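Take a look at the structure below.
Just so we're clear, the structure is a prediction, and the values are computed from it rather than from any experiment.
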Amino acid sequence: MFGGSNPTLNQGINQSGQIAGYGQSQGEGLTTSAGNFFQGLLGGNPAQTAKLLAPQIQAQQQQAQQQKQQNAQFGNRSGGTNASNQTIDDTTRANISTMVSKLTGAAATNAANMGQSLLSTGISALNNQVQFSQQQMQNWQNSIFGQGISGAAGFGEAAALGA
């Protein structure tokens, strides 16, 4: 009444703050992980790339090893088996290189999109905060107490001007 209190607005401000806090903490963790992954791929360090893609690289290598074992068990003993195994190794290296190239391009795009999204989220949160503050200030001005201060200020101004 005297302070222009609006329980719904105050509750909305508190709830928005709680949601923002949760979203921020979860988002920061996920964004940091994703950003580190993308930066690791974009950094050009082969050791870092291998570390980041170890599960995928290992799957490619295991598949190649299985093909070689199949050749050893069921293939003939001629030079064709050796040539086939060399082709398997070459294909595996090519598959890994293709995978790294595709993921590096995707990492650049995703990192840029993530940055733009975070900037938009930050600007939106700032705008919400400003709107809440303006609404709260408007409520105070429209309250009995706020009207009293405005009236007293107007009276003092009129007296000072000799009206």
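Residues Leu103 and Leu42 are members of separate hydrophobic clusters, defined by side-chain heavy-atom contacts under 4.5 angstrom among Ile, Leu, Val, Met, Phe, Trp and Tyr.
Taking NZ of Lys68 as the reference point, atom CD of Gln86 lies at 7.5 Å (rounded to 0.5 Å). Here the straight-line distance linking atom CD1 of Ile96 with atom OG of Ser101 works out to 12.0 Å at 0.5 Å rounding. In this structure, the separation between NZ on Lys51 and CD1 on Ile57 is 13.0 Å, given to the nearest 0.5 Å. Rounded to the nearest 0.5 Å, atoms CD (Gln63) and OG1 (Thr92) are 7.0 Å apart. Taking CD from Gln67 and CG from Asp89, the interatomic distance works out to 10.0 Å, rounded to the nearest 0.5 Å. The line from CE of Met99 to CG of Asn95 is 8.5 Å long, rounded to the nearest 0.5 Å.
By the side-chain contact (heavy atoms from CB on, under 4.5 Å) test, Ala106 is found to be paired with Asn110, residues two or more places apart in sequence or in another chain being considered.
When all heavy atoms of Leu52 and Phe37 are compared, the pair lying nearest together is CD1-O, 3.6 Å. Closest of all the heavy-atom pairs between Gly44 and Pro46 is O-CD, 3.2 Å. Of all heavy-atom pairs spanning Thr49 and Gly40, the tightest one is OG1-O, 4.0 Å.
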